[in-house]
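Note on naming: letters A, B, ... go to the chains in the order of the sequence lines (proteins, then strands), and numbering restarts at 1 for each one.
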Amino acid sequence: MRNEEIARLFYLIADLLEIQNVQFKPIAYRRAAQSIEGLSEGIELIYEKGGLKSLEEIPAIGVNVALKIEEYLKTGKMKHLEELKKQVPIDESLLHIGGLGPKRIKLLYNELGIKTVDDLEKAAKAGKIKNIRTLGAGVEENILEAIQFFKSHSRRFILGYIQKDIDLLVERLKKSNFTERVEVCGSARRKKETIGDLDILAISKNSSKLIDFFTKLNDVQKVLGKGLKKSTVLLQNGLQVDLRVLDKKYFGAAMQYFIGSKEHNVSLRKLAISKKYKLSEYGLFKGKKVIAGENEKDIYNSLGLDFIPYEIRENSGEIEAALKHKLPKLVELKDIQGDCHMHTLQTDGTCTMEQMIEAAIKLGRKYIVFTDHTKALGITNGLDEKALLQQIKKIEKMNKKYSEITILSGAELNILDDGNPDIDNKVLKQLDVVVGSVHTGFKQDKEKITRRTMKAMENENIDIIGHPTGRKIQVREPFAIDLNKVMEKAKETETALEINSYPQRLDLKDVHIREAVNRNVKLVISTDSHHTSHLEFMKFGVDQARRGWAEKKNILNTLPLDKFLKNLK
DNA sequence: GCCGTTTTCGGCCCGACTGTTTTCAGTCG
């Protein structure tokens with residue numbers, strides 16, 4: 001998919017236009033970019049199939065943006081962007097320096113000819129910035145710090161890996177005696193895959209004491225901002241945390257505002273205006289009269305909407321659905337009955353079968369599948385046919401030992417270069433659940449890697465495709481697989497696609513899940529555990545499924561054991 | 001440049017904090 005690539009160009013156009021003081025167009029380009037990012041289908045495919053017309057049907061994309069997309073797909077260039085770059089020849093990275101917005105970038109370019117982060121750093125170190133009117137020594141100092149931050153921390157955090165830190169921080173604020181209530185908001189509350197910073201909302205009668213307490217916490221590396229109602233700090237681990245303190249009577253409105261997403265809020269505020277209301281973090285108002293504020297649900301209801309779950313507040317159709325009372329009833333962690341993907345010491349796991357079983361029992365799982373790697377993945381000491389048959393025997397014994405849970409035999413086999421499994425079908429047939437994954441040839445072209453996976457789905461023994469796109473967040477891109485074709489084939493062959501819960505994988509992505517849900521493709525949520533502690537990753541997979549609008553009925557492992565097995569291919 | 005429970009033209013979310021000023025512009029979320 002080239003969606004992110006093209007979205008980035010429109011974000012850049014928006015920024016460059018803003019530097020030129022162009023009104024409103026930046027907003028339009030950013031909306032177009034967001035819309036493209038949210039597509040579940042490759043934009044190049046949409047264009048291939050339906051031409052300009054189909055591009056214009058995408059929300060926030062009109063004839064002009066559609067033409068630019070066409071131009072870029074055909075020529076690899078956008079004249080408009082090239083022109084803008086000539087007019088404002090600054091490096092894109094300048095836009096990512098905190099405290100620098102379009103106005104200051106323009107000023108710095110006009111006054112000092114600053115085009116790059118390096119130029120900026122030199123000018124600041126030489127003390128040239130403080131002499132510019134409306135800037136000053138303080139700004140200069142902040143710019144130097146922001147450059148340092150940009151160089152060392154220009155990354156996002158994988159939510160699943162810092163969730164525990166977040167929980168701990170919230171606990172400490174709760175125990176401070178200055179708070180009545182503390183809530184995580186922002187992208188962490190919406191359960192995005194990664195977060196850029198952490199937003200916390202607190203209700204307090206003594207906001208200045210709370211903010212003092214907050215800014216003096218042990219792991220605060222630096223206080224970036226401190227006011228009466230909000231404060232921003234940088235933690236030792238590099239995470240930026242915003243704390244906003246409000247009175248109880250605004251609580252619901254503040255939650256709504258602070259959870260976002262920004263785009264969701266903008267749409268909601270527009271809806272409010274259309275109904276002659278005004279919406280802010282202090283409430284929903286008609287004139288000066290408060291219509292709703294203490295309760296988040298009241299705000300939505302007062303606007304004629306059903307309450308919208310946090311995970312789908314991305315302005316991607318949820319407001320329309322809430323207006324029509326047609327929101328999905330999203331799958332929940334408590335719906336999950338089994339886990340279909342876990343490894344043991346036999347291959348690259350780090351715990352024994354018994355340890356994994358006991359941990360799964362503690363989490364209330366009713367059934368689990370051991371899916372150790374198979375022989376083609378030599379590095380993991382993958383099992384061959386003989387070892388798999390032995391494992392089946394071992395699992396039979398385990399089922400006698402543990403009565404609270406059913407242990408199923410399985411494997412995560414390798415889909416070979418030709419699309420065949422690396423294990424004999426006669427053996428696969430004896431396993432309860434077979435996951436097929438691509439572990440090699442990540443760089444193969446789209447046609448080849450798509451064909452491989454489709455062929456694997458045609459194998460009657462392969463029930464589930466593991467981590468279908470192979471991406472690893474912040475490590476590697478997904479392979480060039482054509483998910484449209486994969487989903488068609490999944491539907492046709494009744495193969496399930498995995499939502500891998502591993503924080504760094506979360507594969508499928510939310511937009512793909514939504515597409516699978518629309519097509520009624522079967523899904524499973526699995527942990528891919530390599531350690532007992534990983535079994536708890538299930539919650540991240542469920543969050544991901546929720547972000548993809550999945551309901552209980554879409555997820556096979558919400559079914560009781562007998563129905564689960566019956567519904568596999 | 002997009003879009004329509006206000007609309008095919010005229011709008012386009014709203015408020016806190018910072019650093020510079022001394023009433024505000026810029027940035028951020």
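Across all strands, A:Gly98 comes closer than 4.0 Å only to sugar-phosphate atoms, never to a base (heavy-atom distances). When heavy atoms are screened at a 4.0 angstrom cut-off, A:Ile61 is found touching the sugar-phosphate backbone but no base atom. In this structure, A:Asn142 reaches the sugar-phosphate backbone alone: every heavy-atom distance under 4.0 Å involves primed, P, OP1 or OP2 atoms, never a base. The residue A:Lys103 sits close only to the backbone: its heavy atoms come under 4.0 Å of sugar-phosphate atoms, none of a base. Contacts of A:Arg133 with the nucleic acid, taken as non-hydrogen atoms under 4.0 Å apart, are absent. At a threshold of 4.0 angstrom between heavy atoms, the contacts of A:Lys270 are confined to the sugar-phosphate backbone, with no base atom among them. At a threshold of 4.0 angstrom between heavy atoms, the contacts of A:Pro26 with the nucleic acid are absent. Counting any heavy atom pair closer than 4.0 Å across all strands shown, A:Lys275 reaches no nucleic acid atom. Heavy atoms of A:Leu271 sit nowhere under 4.0 angstrom from any nucleic acid atom. A:Lys68 comes within 4.0 angstrom of the backbone, heavy atoms only, and of no base. Note on A:Ala254: nothing from the nucleic acid sits closer than 4.0 angstrom, heavy atoms only. The residue A:Tyr257 sits close to a base: some heavy atom pair falls under 4.0 Å.
Nearest to the side chain of A:Val65, among B:dA16, B:dC2, B:dC14, sits B:dC2. Ranking B:dG1, B:dC14, B:dG29 by closeness to the A:Arg269 side chain, first place goes to B:dC14. With B:dA16, B:dT27, B:dG19 as the candidates, the nucleotide lying closest to the side chain of A:Arg104 is B:dT27. For A:Ser280, whose side chain is taken as the heavy atoms from C-beta onward, the closest listed nucleotide among B:dA16, B:dG15, B:dC2 is B:dG15. Which of B:dT6, B:dA16, B:dG1 sits closest to the side chain of A:Glu281 comes down to B:dA16.
Side-chain N or O atoms of A:Glu311 include none that pairs as donor or acceptor with a backbone N or O of A:Lys191 at under 3.5 Å. Between the side chain of A:Arg104 and the backbone N or O of A:Gly99 there is at least one donor-acceptor pair closer than 3.5 Å.
Atom-to-atom, CD1 of A:Ile143 to P of B:dT20 comes out at 10 Å; the value is rounded to the nearest Å. Between A:Leu107 atom CG and B:dG26 atom P the separation is 9 Å, expressed in whole Å. Across the protein-nucleic acid pair, A:Tyr282 atom OH and B:dG15 atom C1' stand 7 Å apart, rounded to whole Å. Counting to the nearest Å, the C1' atom of B:dC12 and the CG atom of A:Leu17 are 15 Å from each other. Rounding to whole angstrom units, CG of residue A:Asp197 and P of B:dC17 are separated by 16 Å. Protein atom CD of A:Glu18 is 11 Å distant from nucleotide atom P of B:dG26, rounded to whole Å. Rounded to an integer number of Å, the gap from CG of A:Asn21 to C1' of B:dG26 is 12 Å. Atom NZ of A:Lys278 is separated from atom P of B:dG15 by 4 Å (rounded to the nearest Å).
For the side-chain contact (heavy atoms from CB on, under 4.5 Å) with A:Arg190, the qualifying choice from A:Ile259, A:Ile195, A:Leu159 is A:Ile259, the only one to do so.
One finds a side-chain N or O of A:Asn64 lying less than 4.0 angstrom from the OP1 or OP2 phosphate oxygen of B:dC2. A sub-4.0 Å separation between OP1 or OP2 of B:dG15 and a side-chain N or O of A:Lys230 is absent.
Base pairing of B:dT8: no nucleotide in any strand meets the Watson-Crick or G-U wobble criterion (both distances under 3.5 Å).
On the C1' atoms, B:dC9 is 25 Å away from B:dC14, given to the nearest whole Å. Between B:dG26 and B:dT21, the two C1' atoms lie 13 Å apart (nearest whole Å). Straight-line distance between the P atoms of B:dT20 and B:dC13: roughly 30 Å, to the nearest whole Å. Comparing B:dT5 with B:dC12, their P atoms are spaced 16 Å from each other, to the whole Å. The gap from the P atom of B:dT6 to that of B:dG1 amounts to 27 Å, rounded to the nearest Å. Rounded to a whole angstrom, the distance from the C1' atom of B:dT18 to that of B:dT23 is 15 Å. A distance of about 26 Å separates the P atoms of B:dG15 and B:dG10, rounded to the whole Å.
Comparing A:Lys229 and A:Pro59, the nucleotide of DNA chain B nearest to each residue sits closer to the 5' end for A:Pro59. Where A:Ser274 and A:Ala66 meet DNA chain B, the nucleotide closest to each residue was compared, and A:Ala66 sits on the side nearer the 5' end.
A side-chain donor from one of A:Asp167 and A:Gln163 sits under 3.5 Å from a side-chain acceptor of the other. A donor-acceptor pair shorter than 3.5 Å cannot be found between the side chains of A:Tyr250 and A:Glu281. Checked by atom type, the side-chain pair A:Arg471/A:Asn500 shows no donor-acceptor distance below 3.5 Å. No hydrogens or angles considered: a donor-acceptor pair under 3.5 Å links the side chains of A:Asp91 and A:Ser93.
Within the 4.5 Å cutoff, the side chain of A:Glu263 has no heavy atoms near those of the A:Arg30 side chain.
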